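Because the structure is predicted, anything quoted here is derived from the model rather than measured. Numbers restart at 1 for each chain; the letters A, B, ... are given by sequence-line order, proteins then strands.
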Amino acid sequence: MLDPKYFGEAVGELEAGLKRRNADPALVSRIAELSKSRKALIMQGDALKAKRNQASQEIGALKAKAKSDPAAAAEAERRMVETRAIGDEIKAIDAKLAEVDGEFTNLGLRIPNIPHASVPNGAGADDNVEARRWGTPRQFSFQPLDHVTLGEKLGILDFERAGKLSGARFTLYLGAGATLERALIQFMLDLHTRQHGYREVIPPFMVNRESMTGTGQLPKFEEDLFKTGTADRELFLIPTSEVPLTNIYRDEIIEPGKLPFYLTAYSPCFRSEAGSYGKDTRGLIRQHQFQKVELVKIVEPERSYDELEKMTANAEKVLELLGLPYRTMALCTGDMGFSAAKTYDIEVWLPAQSTYREISSCSNCEDFQARRAQIRYRPEAQGKPRLAHTLNGSGLAVGRTFIAILENYQDEKGRVEIPEPLHRYIEGAPGFVREGSKIWLTG
RNA sequence: GGAGAGAUGGCAGAGUGGUCGAAUGCGCCGGUUUUGAAAACCGGAGUGGGGGCAACCUCACCGGGGGUUCGAAUCCCUCUCUCUCCGCCA
């Protein structure tokens, strides 16, 4: 949710921002109109309520006097009848206001964040701007296999039986595959908690509608979510642990000196992938359920852009330690997510496709989520509460990291070398073979 | 799944339908006193919306939503959450 000033005096900025994003500018005039009539109704209603409050008070005084004074009793009676009419008027205005306010809120919740000034203009992924690049893609002396072929040959991935269990876009990790996935999770969490200062959290994997609204998945993107719960209870499976982590502080005022919060969590993520039929249907790239280690920061506004750079570096560090080449893209206005004011995507090199693929997305949402979720902090002991800034980033998508390791570290025999930082997590596990200082995944 | 109890300001905890936005205690902030501190005493402190250049005015908020009433923290309905006991369970 944007600052209400964008629906009133700063409506021009909103219009410009939405235009940059290629969003529907028709929204702007509608919300501005609603904002205006909302304020008018509030003024009318409040004036009447003030009148009624005063009358009620006077009636109270008259009633107190009425015991000894019959004239006061009659006067009270007369005033009550009179005031009842004000009540009817208030009721009518409140009903109108509820209608206008409902539409105002509903529309307001569907308007995306305004891009930061530093975000390049563009229509889609092709207009993203490369910020930096790390590592050199390996030269293969043989034709590298893709992770599907490799994984099935090694017996560590089974897409067919997963289909039997749950349908398309699900995967079974088996044996050394499951161990490698788990090792990656452990490695990422250890790095972020021990080196980067994040606090580890295991959040609920199902959340309520308020939480989904707080981070911006609802109301606009309900079809992207898996809904669950019971007949009398609605819950959603989280599409990312950004949702529970950011919502931890929903409706709270954080006391002075507590910020910043750095949080990290491993969680499965569930996405319906509606609208992506036929896209990335092969392999692990786009699944209904995948594993992710998430980074979330809640910070003071002045620091949020520095924190975004640091968070992006924290995610990049994972790839550097694993020796996986990547490039970091500053997303253009047309490719950014709903809640973000600025986003970096980190893309890892996948040799089988000779391409960089997204493995992390790090965003500063500024106060967009904080306003929806009412995440505030008190700058100093007696100070007024302010909205915090929230950031989130993948640190990293585990399944895609798994793909990158398989594809980048394969040899001509179809084995996969395990990068050194993972050794301590898989040492001695079945399906791995030590050879000098190297460990190979052999299935 | 069954039975019961509860939800009030940072915390604890009062509150016959009528100056209750809310007593009191603790905590917090400012001051007096003190060499300094503590204690004591005095004073101040909620959040959001709307109007106003401002001082300030006004509305709403006692778990959420709805209702009764001239008037609701207080009465009614409903939902959510918490706690206790029984049952079941990783």
> C42(B) and U78(B): how far apart are their C1' atoms, nearest whole angstrom?
Replying inline: 48 Å

> If you round to the nearest 0.5 Å, how far is CD1 of I114(A) from CD of E13(A)?
Replying inline: 6.5 Å

>> If I pick the C1' atom on G27(B) and the same atom on U82(B), what distance separates them, to the nearest angstrom?
In response: 24 Å

>> Could you tell me how far G43(B) sits from U19(B) if I compare only their P atoms? Round to whole Å.
In response: 24 Å

> Mind checking what makes salt bridge (charged side-chain N to carboxylate O under 4.0 Å, His left out) contact with E82(A), not counting sequence neighbours?
Replying inline: R78(A), R79(A)

> Distance between the C1' atoms of A90(B) and G6(B), in whole angstroms?
Replying inline: 29 Å

>> Please give the distance between the C1' atoms of A45(B) and G30(B) as a whole number of Å.
In response: 10 Å

>> If I pick the P atom on U24(B) and the same atom on C79(B), what distance separates them, to the nearest angstrom?
In response: 38 Å

>> Could you work out, with side-chain hydrogen bond (donor to acceptor under 3.5 Å, both in side chains) as the rule, every residue matching R182(A), not counting sequence neighbours?
In response: none

>> From C-beta outward on A50(A), which listed nucleotide comes closest to its side chain: U58(B), A60(B), U68(B)?
In response: U58(B)

>> What's the gap between G65(B) and C57(B) when it is taken at their P atoms, as a whole Å value?
In response: 27 Å

Every protein N/O within reach of nucleotides 46-55 of chain B N/O, cut-off under 3.5 Å:
residue	atom	partner	partner atom	Å
U47(B)	OP1	R378(A)	NH1	3.3
U47(B)	OP2	K384(A)	NZ	3.0
U47(B)	O3'	R376(A)	NH1	3.0
G48(B)	OP1	R376(A)	NH1	3.0
G49(B)	N2	D46(A)	OD2	2.3

>> Rounded to whole Å, please give me the gap between CD1 in I86(A) and P in G71(B).
In response: 10 Å

Polar atoms only, N or O, under 3.5 Å: list the protein pairs with nucleotides 61-66 of chain B and their distances.
none

> Over how many whole Å does the gap from D94(A) atom CG to G67(B) atom C1' extend?
Replying inline: 14 Å

>> Holding to side-chain hydrogen bond (donor to acceptor under 3.5 Å, both in side chains), I want the full list of residues that pass it with T240(A), two or more places apart in sequence or in another chain.
In response: K292(A)

Taking N or O atoms only and anything under 3.5 Å, show me the protein contacts with nucleotides 17-21 of chain B, one pair per line.
residue	atom	partner	partner atom	Å
G18(B)	N2	S56(A)	O	2.8

> What integer number of Å spans the C1' atoms of G51(B) and A55(B)?
Replying inline: 14 Å

